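Each remark here refers to the structure printed beneath this line.
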Amino acid sequence: LLARARAAADARVQAAQPAGPTTIDVPYVPEMVRNQIRDEVRTEVIAQARSEGWVAPNTMPDWLNRISFTGDFRLRYEGAFFDENNYPFFPDANAINEEGGVVTNEGFPLLNSTIDRTRFRYRARLGIKAQLSDQVFMGITLASGSDDGAVSTNETLGDYFNKDDIWIDKAYLRYEPISGVAVVGGRMPNPFYSTDMVWDTDINPEGVALDLKRTFGPASVFAVAAYLPLQERELDSRDRYLVAGQVGARYALADSVSVTGAAAYYNFQNIKSRKNPAQGSQIYDYTAPAALAKGNSIFNMRTDGKTTLAGLASDFDVLNITAAAEYTGFENLAVRLTGDFAKNLAYDRREIELLQAEASVPSGDTAWQARVDFGTTSSGRRGDWMVSAAYKRIETDAVLDIFTDSDFALGGTDVEGYILEGEYAVADGATFNLKWLSSGSISRPPFAVVVFQATLVTEFWPWRSEPCFSRPPPG
């Protein structure tokens, strides 16, 4: 800055007093010019100091003020206790497909339905949020996890102290060219107003979504349209993907009463598997699902009479309606009632029975859930508390079994049962939670399990503040 000032002064003097052939230039800066230069330098230095954070102690550069961090740590005891009358021979369809199929006469990998389990688990997440400009927002989150599955970030203790993996849980951009209209792309937070009946709370879809919101006095409307790839295939054109849309509204009936409702349509493309031609061809093996949980109707894709490869027997075009009503008129207490309903419009019982070609589990296309929550209006501060109860019923092909809640019945469909939950904030940013999930099968042979969880959660920034989508938080 001083060098530029001196050069500017020399230029001004030379311009005002042109040098003759015998004149010797002597640098001279008039007092008026010196004062002007001094003021300009002072202004530039102060502006630069403020922007870079060195004009005063304990200040940050301006670009750092646009960045914030999120993080939480969860420590959990989990027990899974199976009923003694459970059927002991449930094939593990996902394990069968991971092996590329199995020889039928050699037996199948089996799901555990009889041996109680006790696990200690943790979840660690660290996120960075950056408001790059008034229109552009970026979010990145790293998370723990025993594997790269979509429905859990839990790490189970007990591997001889081996180091654990870290995964990219979120990585997305949000661009809002005008107020109320935004485009989000990448691995993003769930854009839909929903419950864990359809989407496990750990799922962060990948793709692109259009997010719309408009407010009209006490009412606000919101809409989401999304294209979410599920599996890209190199050697054929049958990529698997989800095209989805949702519209909803929230209305404040009074200062203490509000209702929210939304209708979503999830159109899964190329999900259903194809039966191989007769005489043992494996030409359609590529249509086998990349992942399976338990509950969806499946069939043997192979026709050689010797091997088994599991295929999905149903298409999935899911209509999902979610609604919640909240009352906050009890001073600092609130009660919320939530209902959720889903129906698979692509379900075809006759087609499923033809693919299975033998007696199998009776199938169904409907799911519903009812839930009540009661507690303090705030959460995460010492003394805050919440209790809740829920009942849900999910038939075999109402939703995809790989995406529904992975804790209830240990994941999957063809289940029904209840959930009891309570939590108390033992300190600011630290909450202790107890949860009891009791479930049993609907149509298949007996599969009943109670899952009990005791959890301590700490966080240094509330995840619900993440400004990605305009829809209200799920009920």
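Treat the numbers as computed from the prediction; the structure is a model and nothing was measured. Just so you know, these numbers use all the heavy atoms, side chains as well, and skip hydrogens, waters and symmetry mates.
Taken from CZ in R123 to OG1 in T153, the straight-line distance is 5.0 Å, to the nearest 0.5 Å. Rounding to the nearest 0.5 Å gives a distance of 11.5 Å between CZ of F192 and OG1 of T322. Atom CH2 of W167 sits about 11.0 Å away from atom OG of S144, to the nearest 0.5 Å. Distance check, rounded to the nearest 0.5 Å: OG1 of T215 to NZ of K213 gives 5.0 Å. Here E206 contributes atom CD and I168 contributes atom CD1; the two are 10.0 Å apart, rounded to the nearest 0.5 Å. Once rounded to the nearest 0.5 Å, the distance linking CG of L420 with OG of S388 reads 8.0 Å.
For the 3.5 Å distance criterion, the side chains of R74 and N154 qualify, holding a donor opposite an acceptor. Side chain to side chain, D340 and T195 meet the donor-acceptor criterion of an N or O pair below 3.5 Å. Using modelled atom types and a 3.5 Å distance limit, the side chains of R238 and T287 yield no donor-acceptor pair. Side-chain contact annotation: N344 with D397, donor-acceptor N/O pair under 3.5 Å absent. For the residue pair R76/T455, the side-chain donor-acceptor check at 3.5 Å is satisfied. Residues N86 and T114 have side chains that never bring a donor and an acceptor to within less than 3.5 angstrom of each other. There is no side-chain donor-acceptor pair under 3.5 Å between S220 and R250. No hydrogens or angles considered: a donor-acceptor pair under 3.5 Å links the side chains of D384 and S378. Side-chain contact, D164 with Y122: a donor N or O sits under 3.5 Å from an acceptor N or O.
Atom CG of D159 sits in a crowded spot, with more than 12 heavy atoms from other residues, nucleotides or ligands closer than 6.0 Å. Counted within 6.0 Å of CG on L157, heavy atoms from surrounding residues, nucleotides or ligands total more than 12; the atom is thus considered enclosed. Heavy atoms from other residues, nucleotides or ligands lying under 6.0 Å from CH2 of W436 number 12 at most. Within 6.0 Å of the CZ atom in R382, the count of heavy atoms belonging to other residues, nucleotides or ligands does not exceed 12. Atom CZ of R214 has 12 or fewer neighbouring heavy atoms from other residues, nucleotides or ligands inside a 6.0 Å radius.
Because its NZ or CZ atom is not both nearer than 6.0 Å to the ring centre of F137 and within 45° of the ring axis, R174 does not count as a cation-pi partner of that residue. Under the 6.0 Å distance and 45° angle rule, K435 does not count as a cation-pi partner of F452.
Shortest non-hydrogen contact noted between A244 and Y266 is CB-CD2, 3.6 Å. Here the closest non-hydrogen pair linking Q246 and P191 is OE1-O, 4.5 Å. Closest approach of S314 to Y347, counting heavy atoms only: OG-CA, 4.1 Å. P362 approaches T396 most closely through the heavy-atom pair O-CG2, 3.7 Å. In terms of heavy-atom proximity, A342 sits nearest to V399 at CB-CG1, 4.1 Å. Shown here for T338 and A324, the closest heavy-atom pair between the two residues is OG1-CB, 3.8 Å.
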Give every donor-acceptor pair under 3.5 Å between a side-chain atom in residues 88-97 and any protein atom, sequence neighbours left out.
| residue | atom | partner | partner atom | Å |
| --- | --- | --- | --- | --- |
| D92 | OD1 | N94 | N | 3.3 |
| D92 | OD1 | A95 | N | 3.2 |
| N94 | OD1 | L292 | N | 2.9 |
| N94 | ND2 | E98 | OE2 | 3.3 |
| N97 | OD1 | A310 | N | 2.9 |
| N97 | ND2 | A310 | O | 2.9 |

List the atom pairs, with distances to 0.1 Å, where a side-chain N or O of residues 77-85 and a protein N or O form a donor-acceptor pair under 3.5 Å, not counting sequence neighbours.
| residue | atom | partner | partner atom | Å |
| --- | --- | --- | --- | --- |
| E78 | OE1 | Q453 | NE2 | 2.9 |
| E78 | OE2 | R119 | NH2 | 2.7 |
| D83 | OD1 | N85 | N | 2.7 |

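A centroid separation of 6.0 Å or more is found between the aromatic rings of W199 and Y193. Aromatic ring centroids of F268 and Y241 lie 6.0 Å or more apart.
In this structure the side chain of D373 never reaches within 4.5 angstrom of the side chain of V335, judged on heavy atoms. Proximity of E423 to F432: side-chain heavy atoms (C-beta onward) are nowhere separated by under 4.5 Å. Considering only heavy atoms from C-beta on, R117 stays 4.5 Å or farther from I115 through its side chain. The shortest side-chain heavy-atom distance between R274 and N276 does not fall under the 4.5 Å cut-off. Side-chain contact between K129 and T70 is present, with at least one heavy-atom pair separated by less than 4.5 Å. Side chains of T377 and L333 form no contact here, defined as non-hydrogen atoms less than 4.5 Å apart.
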message: For N204 and N190: C-alpha separation, side-chain torsions, deciding distance, then whether side-chain hydrogen bond (donor to acceptor under 3.5 Å, both in side chains) applies.
response: CA-CA 5 Å; N204 296 308; N190 190 340; over 6 Å; no
task: With side-chain contact (heavy atoms from CB on, under 4.5 Å) as the test, would you mind laying out the steps for D405 and M197 before giving the verdict?
output: CA-CA 6 Å; D405 182 17; M197 187 183 76; over 6 Å; no
message: Checking D196 against F403 for the side-chain contact (heavy atoms from CB on, under 4.5 Å) test, could you report, in this order, the C-alpha distance in whole Å, the side-chain angles of both residues, the deciding distance, and whether it holds?
response: CA-CA 9 Å; D196 59 9; F403 292 144; over 6 Å; no
task: Could you check N320 against F341 for side-chain contact (heavy atoms from CB on, under 4.5 Å), going step by step and ending with a plain yes or no?
output: CA-CA 6 Å; N320 181 214; F341 173 82; 5.7 Å; no
message: side-chain contact (heavy atoms from CB on, under 4.5 Å), that's the test. Do D211 and E176 meet it? Break it down for me.
response: CA-CA 9 Å; D211 181 40; E176 187 171 2; over 6 Å; no
task: Begin from the C-alpha positions of N433 and E421 and carry the test side-chain hydrogen bond (donor to acceptor under 3.5 Å, both in side chains) through to its verdict.
output: CA-CA 7 Å; N433 177 285; E421 184 176 5; 2.9 Å; yes
D365 and R349: CA distance, side-chain angles, deciding distance, salt bridge (Lys or Arg N to Asp or Glu O under 4.0 Å) verdict: CA-CA 9 Å; D365 63 356; R349 183 192 300 271; over 6 Å; no
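Using a cut-off of 4.0 Å between Lys/Arg side-chain N and Asp/Glu carboxylate O, D72 and R125 are scored as salt-bridged. Between D414 and R444 a salt bridge is recorded (basic side-chain N to carboxylate O distance below 4.0 Å).
A side chain to side chain donor-acceptor pair (under 3.5 Å) check over residues 99-108, counting only residues at least two apart or in different chains, returns the pairs T104-T308. Residue pairs satisfying the salt bridge (Lys or Arg N to Asp or Glu O under 4.0 Å) criterion with at least one member in residues 278-298, sequence neighbours excluded, are listed as follows: D285-R302.
Checking V415, T366, I442 one by one against R393, the side chain to side chain contact (heavy atoms under 4.5 Å, CB included) holds for a single residue, I442.
In this view, V136 and L132, S133, L173, Y175 satisfy the side-chain contact (heavy atoms from CB on, under 4.5 Å) rule, not counting sequence neighbours. Applying the side-chain contact (heavy atoms from CB on, under 4.5 Å) test to K275 and every residue at least two apart in sequence or in another chain returns F299, T303, L355.
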